[in-house]
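A quick write-up on the structure given underneath.
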Amino acid sequence: MQDLIYFDSRNPDCKSPFGSVEQDREMTFRIFVKDGVYVQNVELQIFEDGNDVPYVFPMSFSCKRGNESEFFTKISIVKVGLYWYRFLFRTENGDVYKDNDSKMYQFTVYGKKYVTPDWAKGGIIYHIFVDRFNKGEDKNAKFEKNGVLKKWGEEVTIVDSDGVFRANDFYGGNFQGIIDKLDYLKDLGVNIIYLSPIFKSSSNHRYDTGDYEKVDELLGDETKFGELIEKAEQKGIGIMLDGVFNHTGADSKYFNKFGNYPTLGAYQSQESEYYDWFDFYKFPDEYHCWWGITVTPTVSQRAKSFREMIAGKKGIIEKWTKLGVKGWRLDVVDELREDFVKDIRKAVKKNNSQAVLIGEVWEDASNKVAYSYRRHYFQGEELDGVMNYPFKEATLAYALGGSADSFIETVSAIVENYPRQSLDTTMNLIDSHDTARALSVLSGIDMSGTDKAYRRDFRMSGDIYELARKRLILASAIQFMLPGIPSIFYGDERGMQGYEDPLCRRTVDWNNCDEEIFAHYKKLGSIRKKYNAQMRGDTYFERADGLLVLCRKSGKKIIKTVVNNTDCVKTYYCENIKKDLLADTATNCEKFELQPCSVKIFVVETK
């Protein structure tokens with residue numbers, strides 16, 4: 001019977017409106033049954049997440065079209081939450097489910113007051129690992145750390161002489177260095193600078209916070225940070241900070257394992273005001289820490305004074321947001337309690353209703369289960385968006401020659417599952433400080449079985465580099481045209497290479513640049529700026545002669561990104577093309593050839 005039933009949750013003839021809905025908004029469901037089976041009645045069964053007892057909605061016969069009968073129902077749901085649904089057919093031969101009884105479709109009902117900041121949408125994020133981006137002249141940026149301050153451009157340390165990796169090699173990238181490059185970032189079309197952690201810390205990555213109230217002295221002082229915020233704002237760029245609130249540093253004023261702070265830390269005494277911030281198995285040397293890494297003791301989120309310090313009145317969120325910070329990215333948000341995330345959102349929005357809040361989530365965030373608990377990021381009380389790792393994996397896989405169908409399915413599922421306002425504020429990346437550089441991945445070279453020293457010293461050249469460059473141009477075009485906000489990891493636009501941490505965290509070589517890659521990124525930025533409405537418009541796909549065609553539509557204009565990931569020349573036919581955006585040429589052609597591993601972006605005008 002399954003062949004006789006048609007329902008596609010992504011087809012507006014079957015479900016309208018598409019995807020997630022605001023609470024109490026009416027939804028229409030239609031299902032079509034071909035002749036060949038007698039259907040007595042049809043039920044729509046909707047399950048609230050976590051409840052095995054469905055809400056049952058009878059579907060009425062609507063009309064007959066040729067050899068198909070249409071059944072429909074209209075419903076609305078007031079309660080915010082995640083819902084699953086299926087269809088039950090009562091026939092002369094018994095009850096039959098559409099697909100099977102375990103197949104469920106999904107939608108989210110979000111709160112009426114759930115909005116996300118418009119200023120961020122349609123823009124571009126530039127992700128800076130601060131120590132490695134640029135070193136400016138600032139007499140107040142001081143090196144006062146246990147480690148080594150290297151010359152700019154020296155190779156990163158992968159392990160110390162005793163076999164331990166301490167992340168204590170520094171290069172001195174600072175706030176002044178970012179200020180010096182604001183015009184450079186503006187020319188790329190950037191409207192958000194996302195900074196890796198800036199608070200005082202003992203490591204170069206600063207994910208082991210020493211003091212949330214102070215910027216790291218190697219970056220400059222708070223006055224210089226305020227200058228960065230102000231000068232970036234003048235260029236239409238907001239600063240987004242990395243909020244690391246799941247753990248602190250062992251070398252911190254709160255834990256103070258090494259006695260480097262004047263405070264009485266939790267490691268030093270059970271009488272410390274910070275003692276109940278941490279969970280000790282055997283005081284003082286056995287304690288709960290992030291992924292077993294002893295330099296990052298995990299904070300007990302039951303500790304009210306910690307939560308108050310972060311999200312309360314005159315807390316950390318308030319301090320830096322009032323200074324002018326326009327966004328926060330929450331590190332390992334899956335490991336934060338939901339009530340804490342809600343408190344953080346309240347604090348952010350109270351101090352700036354237009355500040356954006358993004359979480360680090362590596363899976364589909366609409367139905368994520370973390371530590372046996374369902375998360376509710378997109379229902380109105382938590383996040384605006386997330387880091388879009390599903391898009392990353394799909395884009396790189398396709399650029400490496402993967403299936404267009406697989407790419408379309410992954411992207412379509414996210415587009416369907418995320419509320420539109422969440423989707424428009426997702427951070428679309430193809431690499432980050434936690435992953436290998438996209439250019440290196442796109443070489444297609446299998447590095448399994450090699451050691452980190454080999455990967456450190458390896459550089460692509462010749463035909464391998466040319467292929468990787470073509471694939472990066474292809475992948476970045478997809479990344480920039482997908483719904484959400486593309487995120488450039490610092491230096492990708494210049495052709496930086498590198499494998500896993502810390503090899504992806506080298507200093508920028510400001511004297512050398514792959515000009516073809518750089519020009520391409522600038523072109524993508526200008527396209528997003530000029531066609532901002534389409535970048536925030538509807539998303540759909542076409543298939544043509546083995547090509548992937550990604551379409552973004554608003555009004556009468558469609559931006560079509562046509563991609564050929566094969567090793568064959570492909571032909572694309574389309575009417576009403578007005579401009580080839582990457583070539584920056586007007587055209588009225590209806591036939592285009594795409595070379596192997598290439599991409600074109602067209603403006604199409606509908607009547």
Side-chain angles (χ1 to χ4, degrees), residues 1-22 24-48 53-77 82-109 366 403-418 420 537-551 553 558 573-575 606-607:
M1 179 178 171
Q2 305 303 329
D3 294 339
L4 303 177
I5 301 170
Y6 175 75
F7 177 81
D8 181 353
S9 62
R10 298 167 190 165
N11 183 338
D13 289 338
C14 295
K15 180 182 178 295
S16 179
F18 171 80
S20 299
V21 295
E22 183 180 84
D24 209 24
R25 178 168 180 186
E26 185 176 77
M27 293 177 283
T28 300
F29 293 84
R30 290 187 176 87
I31 197 160
F32 302 90
V33 183
K34 291 183 179 179
D35 293 346
V37 62
Y38 174 67
V39 176
Q40 297 170 340
N41 58 64
V42 183
E43 291 180 356
L44 168 64
Q45 298 182 347
I46 296 182
F47 297 79
E48 184 178 1
V53 180
Y55 302 104
V56 176
F57 301 92
M59 300 186 72
S60 302
F61 172 78
S62 174
C63 62
K64 190 170 177 62
R65 300 176 182 176
N67 66 340
E68 286 186 338
S69 297
E70 175 188 311
F71 296 83
F72 83 103
T73 188
K74 295 178 182 288
I75 68 167
S76 59
I77 296 178
L82 177 65
Y83 292 86
W84 309 88
Y85 65 98
R86 65 185 180 185
F87 300 93
L88 174 65
F89 296 82
R90 301 196 184 282
T91 75
E92 57 188 346
N93 296 318
D95 293 351
V96 177
Y97 289 98
K98 169 73 175 78
D99 300 307
N100 57 64
D101 60 0
S102 62
K103 166 74 173 181
M104 293 280 190
Y105 301 92
Q106 172 193 325
F107 65 86
T108 293
V109 176
S366 69
S403 159
D405 287 344
S406 177
F407 174 85
I408 291 170
E409 175 56 33
T410 297
V411 171
S412 297
I414 295 295
V415 172
E416 180 178 19
N417 290 349
Y418 287 16
R420 180 61 172 270
D538 294 334
T539 304
Y540 62 95
F541 294 95
E542 296 175 355
R543 291 178 176 85
D545 188 31
L547 299 167
L548 172 68
V549 185
L550 166 62
C551 305
K553 181 179 181 182
I558 306 171
Y573 299 89
C574 183
E575 297 179 350
T606 60
K607 296 180 180 179

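Since we're looking at a predicted model, the values are computed, not measured.
R30 is linked by a salt bridge (Lys or Arg N to Asp or Glu O under 4.0 Å) to E70, counting only residues two or more places apart in sequence or in another chain. For K74, the salt bridge (Lys or Arg N to Asp or Glu O under 4.0 Å) criterion is met by no residue, not counting sequence neighbours. Remark: D538 pairs with R420 by the salt bridge (Lys or Arg N to Asp or Glu O under 4.0 Å) rule, at least two apart or across chains.
In this structure, G19 and F107 approach most closely via the heavy-atom pair O-CB, 3.9 Å. Here the closest non-hydrogen pair linking Y418 and S20 is C-OG, 3.9 Å. The two residues V56 and Q45 make their nearest non-hydrogen contact at CG2-CG, 4.5 Å. The shortest non-hydrogen separation linking I31 to Y6 is CG1-O, 3.4 Å. Scanning all heavy atoms of the two residues, the minimum distance from D8 to C14 falls at O-CB, 3.3 Å.
Distance CD1/I75 to CZ/R25: 13.0 Å, rounded to 0.5 Å. Of the inter-residue distances, the one linking L4 atom CG with S69 atom OG reads 11.0 Å to the nearest 0.5 angstrom. Here Q40 contributes atom CD and F89 contributes atom CZ; the two are 13.0 Å apart, rounded to the nearest 0.5 Å.
Taking the six-membered ring where the residue is Trp, Y55 and F57 present tilted rings, their angle falling between 30° and 60°.
Taking a 6.0 Å sphere around CZ of R10, one finds it holds more than 12 heavy atoms contributed by other residues, nucleotides or ligands.
Counting heavy atoms from C-beta outward, W84 and P54 have side chains that stay 4.5 Å or more apart. F71 is not listed as a side-chain neighbour of S62, based on a closest heavy-atom distance of 4.5 Å or more. Between K64 and D35, some side-chain heavy-atom pair lies under the 4.5 Å cut-off. E416 places none of its side-chain heavy atoms less than 4.5 Å from the side chain of Q106. Put simply, the side chain of P17 reaches to within 4.5 Å of the side chain of M27, judged on heavy atoms.
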Determine, step by step, whether F87 and L44 satisfy the side chain to side chain contact (heavy atoms under 4.5 Å, CB included) criterion, reporting the C-alpha distance in whole Å, the side-chain angles of both residues, the deciding distance to 0.1 Å, and the verdict.
-> CA-CA 5 Å; F87 300 93; L44 168 64; 3.6 Å; yes

After noting the C-alpha distance and the side-chain angles of C63 and R65, does the key distance pass the side chain to side chain contact (heavy atoms under 4.5 Å, CB included) rule?
-> CA-CA 7 Å; C63 62; R65 300 176 182 176; 3.6 Å; yes

Y85 and F29: CA distance, side-chain angles, deciding distance, ring pair (Phe, Tyr, Trp, His ring centres under 6.0 Å) verdict = CA-CA 11 Å; Y85 65 98; F29 293 84; 5.2 Å; yes

I would like to know whether I77 and I46 meet side chain to side chain contact (heavy atoms under 4.5 Å, CB included); could you show each step before the answer?
-> CA-CA 10 Å; I77 296 178; I46 296 182; 4.2 Å; yes

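Just one of Y540, F541, F18 meets the side-chain contact (heavy atoms from CB on, under 4.5 Å) condition when paired with V415; it is F18.
No donor-acceptor pair under 3.5 Å is formed between the side chain of D545 and the backbone N or O of L547.
Judged by the 6.0 Å and 45° rule, K15 forms no cation-pi pair with Y105.
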